[in-house]
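Report on the following structure.
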2 protein chains.
Amino acid sequence: MDELTKFAPRPTGAGEMFQLLRDGQPRTRADLATLTGQARSTIAARVDLLLASGFVAPAGEATSTGGRPPATFRFNPAARVVLAVDLGATHSRLALTDLSGNVLAEHAEQIAIAEGPEPVLDRVVELAHELLASAGRPDSDLVSVGMGLPGPVEHSTGRPINPPIMPGWDDADVPGLLNRRLHVPVLVDNDVNIMALGEHTSQWPAVDHLLFVKVATGIGAGIIFDGAIRRGAQGSAGDLGHIAVPGGLDLPCRCGNTGCLEAVASGPAIASALTALGTAASSGADVVALVRAGDLDASREVREAGRHIGGVLAACVSMLNPSVIVIGGQVAEAGEHLIAGIREVVYRRSLPLATQHLRIVASRTKGRAGVLGASAMAADHVLSAAAIDAHIA
Amino acid sequence: MDELTKFAPRPTGAGEMFQLLRDGQPRTRADLATLTGQARSTIAARVDLLLASGFVAPAGEATSTGGRPPATFRFNPAARVVLAVDLGATHSRLALTDLSGNVLAEHAEQIAIAEGPEPVLDRVVELAHELLASAGRPDSDLVSVGMGLPGPVEHSTGRPINPPIMPGWDDADVPGLLNRRLHVPVLVDNDVNIMALGEHTSQWPAVDHLLFVKVATGIGAGIIFDGAIRRGAQGSAGDLGHIAVPGGLDLPCRCGNTGCLEAVASGPAIASALTALGTAASSGADVVALVRAGDLDASREVREAGRHIGGVLAACVSMLNPSVIVIGGQVAEAGEHLIAGIREVVYRRSLPLATQHLRIVASRTKGRAGVLGASAMAADHVLSAAAIDAHIA
């Protein structure tokens, strides 16, 4: 429950009418009266409120069927800005975007998430002000923050829950810490969920069933099902990394079990396999570099990792029947070998009804899936009917 | 698109106000005015329409704070009836229920679904009239039909798609065939989906994430996620039977692959394993009978089947993070052995965050999950705002 929702005034109806304009199409007052069935005078008053707020702007004149052509209005995504933050274990990316996810200013740098919430979030606040300044926007234009964290997050509170690679962050009040400094609502989610949202919003808006699979130090998936992110009962849905690999290799996993997908197909697991073959590698980045340098063992191991991931994804395809699976994360940068291995097993192991229209593709957002998703989550929050009414009040 | 929706008149608002009454709580006209923010005169007119329709009935007087106590009203589930039909390969169950799923009359019999849609649906129509007569309700009280079929169904049209055990039914217009005879909307879904809905509605209404797993001649699951049935892109979500079993037995499956869950853990698969051990059995029913008669091999094989199912469900738990998994279907009638095997592997193979609040339980609906779900699907359809407005018009 954030500030906006808690103190929402009695709705004026303008916020609800605004939902009709979110598709970006220009509409006249008469169009809006027809769509809502409400009186012209009511519509006119609401349009005035929205114009004054800036969330809606004049969009020229409609073609007239005689007489003076009527004015049209549409959603104005430039009215405000949101801060999108994608935090990884060792890397952060921040973007200031408008309300449609257009990037106005951007910054990426190395971080150490293990330093804990205070220094990391201090730096986020500092960069927020720098990005606002470089985009030439006053601080008052910032309306919300969306953030992805590399670990489990309790969605309702935005607090990390026992995050394995984020010492010091367990149960930290991330939204509260940022809200006290930036004075806007802060939405926090798991990094893979926001990547799924970013890829979905920007590349596949018409697709209702999409899986985004991140293959990096860990392996996880974000699930878009019937058009929305699905988190499950405790928010742990999509936790692919510790599913047992069909075919049963018995490598020990950091979770305490053996044979988990992460133990055979993550960046570090591929690096270990290469090291055992005599080619020193210690991370997913090393593996990607080796593949790009033409190392045949590296290509072969990446493809084999793809087959293991494909075995687990074949089960996901039977279970969820998605129409698009997007493969992202650092190891995906190794190129086609990973996806080729995945496709090979998914198409062999799934029933025709589930695969006849299935596409398995590489991420198209070039490392920006996270910030695009964080932006969409933050913008969506402030464009709800209740939030718009609160702004207008 | 059925008749009701297609010719829906301009809404009176009564249908929408009715949604507030669906929880069954008695409310006064003043309560409804407060809840909707609408004028007393508008509320009074809508209550009159709903009372005349029978969907709402007087519920006595509220306690007064002085003066004449105001009348209360509530949803009247007895106003109309729906027909719930659960068709299996060799068995059918029909129930006439009120709009809250209370069974008014019921019938079960052996059928042969392979005879094709005409004879099977003729019999459904015949039984519909018999059930109406035995419940003492005129045909005009019937407002919709819900039906489950043992194969894939295209949800938007209600047509079976390449159903493997339903020769002659492929692409049959089941809703059209029944609508021409019974003159009410007909909703059709896959049998496991309606079982999930029936178990959810009647036993776990407060749970948002539930899997219903049917273990019978085939193995499949119905998925309730964020409170609603999820069908996936082509309606094949929940198709567990052809997921590769972790640990990798290589038994051939009827789908053409090897090592599928159905090939090692379905009723016929357990029967085959028992036959190989020297105890003749040819079906799930034989297996259940042997277990009940105290056959140790049968108990052991059922538990082993449970472990295989548990291996696949462990992946589903990681993927979906449900809070309840309900085990139903004929093989589940063998008792605790199946669930014990399932629990053993799920709790061993899943991460603590996903299993700490997970319950794995036997179906509590005693074979009625299908009709209860069909009833809920049919009733839900006729109680929507648009459908109520159409009835009133």
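- Legend: residues meeting side chain to side chain donor-acceptor pair (under 3.5 Å) with Asp226(A), ordered by chain and number and at least two apart, are His209(A), Arg230(B).
- Thr258(A) OG1 to Arg349(B) CZ: the interatomic distance, rounded to the nearest 0.5 Å, is 6.0 Å.
- Only the side chain of Ile223(A) comes within less than 4.5 Å of a heavy atom of chain B; its backbone N, CA, C and O stay farther away.
- Taking CG of Leu358(A) as the start and CD of Gln234(B) as the end, the distance is 8.5 Å to the nearest 0.5 Å.
- Paired with Met319(A) under the rule side-chain contact (heavy atoms from CB on, under 4.5 Å), one option of Leu240(B), Val312(B), Asp239(B) passes, and it is Leu240(B).
- Interface remark: of the candidates Gly256(B), Pro152(B), Ala315(B), Ala315(B) forms the most heavy-atom pairs closer than 4.5 Å to chain A.
- The nearest pair of heavy atoms linking Ala233(B) to Pro322(A) is CB-C, 4.1 Å.
- Phe225(B) and Ala237(A) make their closest contact through CZ-CB, 4.2 Å (heavy atoms, listed as atom of the first residue, atom of the second, distance).
- Partners of Ser236(A) according to the side chain to side chain donor-acceptor pair (under 3.5 Å) rule, which considers only residues two or more places apart in sequence or in another chain, are Asn321(B).
- Within the model, atoms CG of Asn257(B) and OG of Ser350(A) stand 8.5 Å from one another, a figure rounded to the nearest 0.5 Å.
- Each of Gln356(A), His242(A), His357(A), Arg348(A) has some count of heavy-atom pairs under 4.5 Å with chain B, and the biggest count is that of His242(A).
- No part of Ala314(A) comes within reach of chain B, as not one of its non-hydrogen atoms sits under 4.5 angstrom from that chain.
- Summarising the local packing, CD of Glu16(B) is surrounded by 12 or fewer heavy atoms from other residues, nucleotides or ligands at distances under 6.0 Å.
- Of all the listed residues (Ala244(A), Cys316(A), Gly241(A)), the one sharing the greatest number of non-hydrogen pairs under 4.5 Å with chain B is Ala244(A).
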